[in-house]
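Please read all numbers here as calculations on a predicted model, not as lab measurements. Heads up: numbering here begins at 1 and tracks the sequence.
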Amino acid sequence: MSLCFVSTFGVIPHYFHKRKTAAYAGIGLGTGIGLAAYPSITIYLLDRLGFRYGILSLGSLFIIPAVSIFVFKPQLPKEEVLSMKKLLTSYARTGKHFVTAFFIVNSALAIGARAGLVAILFSYISKYFEPSIAVAAYSIFGISFMVTTLLFTLYALKFHANYFVLHLTTSLLLGIVVCVLPARNHAITLYVIFGIIGSINGAVFGFKGNLISHLFPPKDVAYIYGLTEASGGVGSFVVPLSGGYIESKFGHGAGFYSIGACNLFSCMVLCL
């Protein structure tokens, strides 16, 4: 999955010049459609085909992106293939940017918090809600994610919004909303919260690619995104583990509070 994210965002500056922001909007649109449709598709295939063949059927959908190989035409000159030494040098080169270290720590906390949220949500929903409610909630999440990504990205495209401020604001809101999630164990409340979280994640997703593209030159975008995903991988191990431990000791509320706090700290890092 990390390879998918890095390659997806890394190629945008090379294949899209004038319509770069619109390309990021397209990624958000596809992601939102997938998030909205996959819960129902997954349940249907698992019920009809069983676990093994259901998973194989879902896996076949990942063949579709291969078509892009024959469609995309690079807009920038072709780059030489780098040796491992030059590749490591290119990664090290990103360290000359003052914001790189803060951005990496921010990504570790923010991506880790999202992974932790998913882990605790599975436990929370399985305890208090039926599977059909969970499927509906995740579909609402996907729809709100898709709509918000498109609206926010198109707004930024039209009005040249401040991506940095918007990234901080949406991350801050996500931390606050997560803390509110366990307030009431009701299906309608779950739907509303999932819609809000989907919208906030859509905004964060829509702006991250644009934020990196604005903070760093095109030649460094893939490397910065790779570093943020690597740090996010570390966070995705540490945060769910610690959040799960807190949840097991003090309940779901405490688990959600720890994840929300992690999101808030990620904003504070960039504010420095």
Which atom pair, heavy atoms only, marks the closest approach of [X] to [Y]?
X	Y	value
G235	P240	O-CD, 3.4 Å
I111	S236	CG2-OG, 3.6 Å
G54	L46	CA-CD2, 4.2 Å
E247	S123	OE2-OG, 2.8 Å
C262	V239	SG-CG2, 3.9 Å

Taking [X] for the side chain and [Y] for the main chain, is one N or O donor matched with an acceptor at less than 3.5 Å?
X	Y	answer
S231	I104	yes
S40	A37	no
S199	T148	no
N106	S266	yes

> Say you draw a straight line from CD1 of I196 to CZ of F141; how long is it, rounded to the nearest 0.5 Å?
Replying inline: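 Taking CD1 in I196 and CZ in F141, the distance rounds to 12.5 Å.
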If Ile, Leu, Val, Met, Phe, Trp and Tyr residues are connected whenever their side-chain heavy atoms lie under 4.5 Å apart, and connections chain through other members, are [X] and [Y] in the same group?
X	Y	answer
I125	Y257	no
V178	L173	yes
V177	I140	yes
L56	Y38	yes
F237	I120	no

>> Let's go through S242 and S258 carefully: what are the C-alpha distance in whole Å and the side-chain angles of both, what is the deciding distance for side-chain contact (heavy atoms from CB on, under 4.5 Å) to 0.1 Å, and is it a yes or a no?
In response: CA-CA 9 Å; S242 57; S258 67; over 6 Å; no
Any side-chain heavy-atom pair from [X] and [Y] closer than 4.5 angstrom?
X	Y	result
L241	Y245	no
L49	S57	yes
L58	T42	yes
Y128	L190	no

>> Checking L121 against Y138 for the side-chain contact (heavy atoms from CB on, under 4.5 Å) test, could you report, in this order, the C-alpha distance in whole Å, the side-chain angles of both residues, the deciding distance, and whether it holds?
In response: CA-CA 11 Å; L121 275 174; Y138 277 103; 4.0 Å; yes
>> Between L109 and N263, does the side-chain contact (heavy atoms from CB on, under 4.5 Å) criterion hold? Intermediate values first, please.
In response: CA-CA 6 Å; L109 293 172; N263 250 311; over 6 Å; no
>> Please confirm whether the ring centroid of F256 lies under 6.0 Å from the ring centroid of Y124.
In response: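 Ring centres of Y124 and F256 closer than 6.0 Å.
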>> Check this for me: F265, atom CZ, are more than 12 non-hydrogen atoms of other residues, nucleotides or ligands nearer than 6.0 Å?
In response: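 No.
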> When you look at I188 and Y191, which way does the side-chain contact (heavy atoms from CB on, under 4.5 Å) test go after all the steps?
Replying inline: CA-CA 5 Å; I188 300 300; Y191 295 153; 4.2 Å; yes
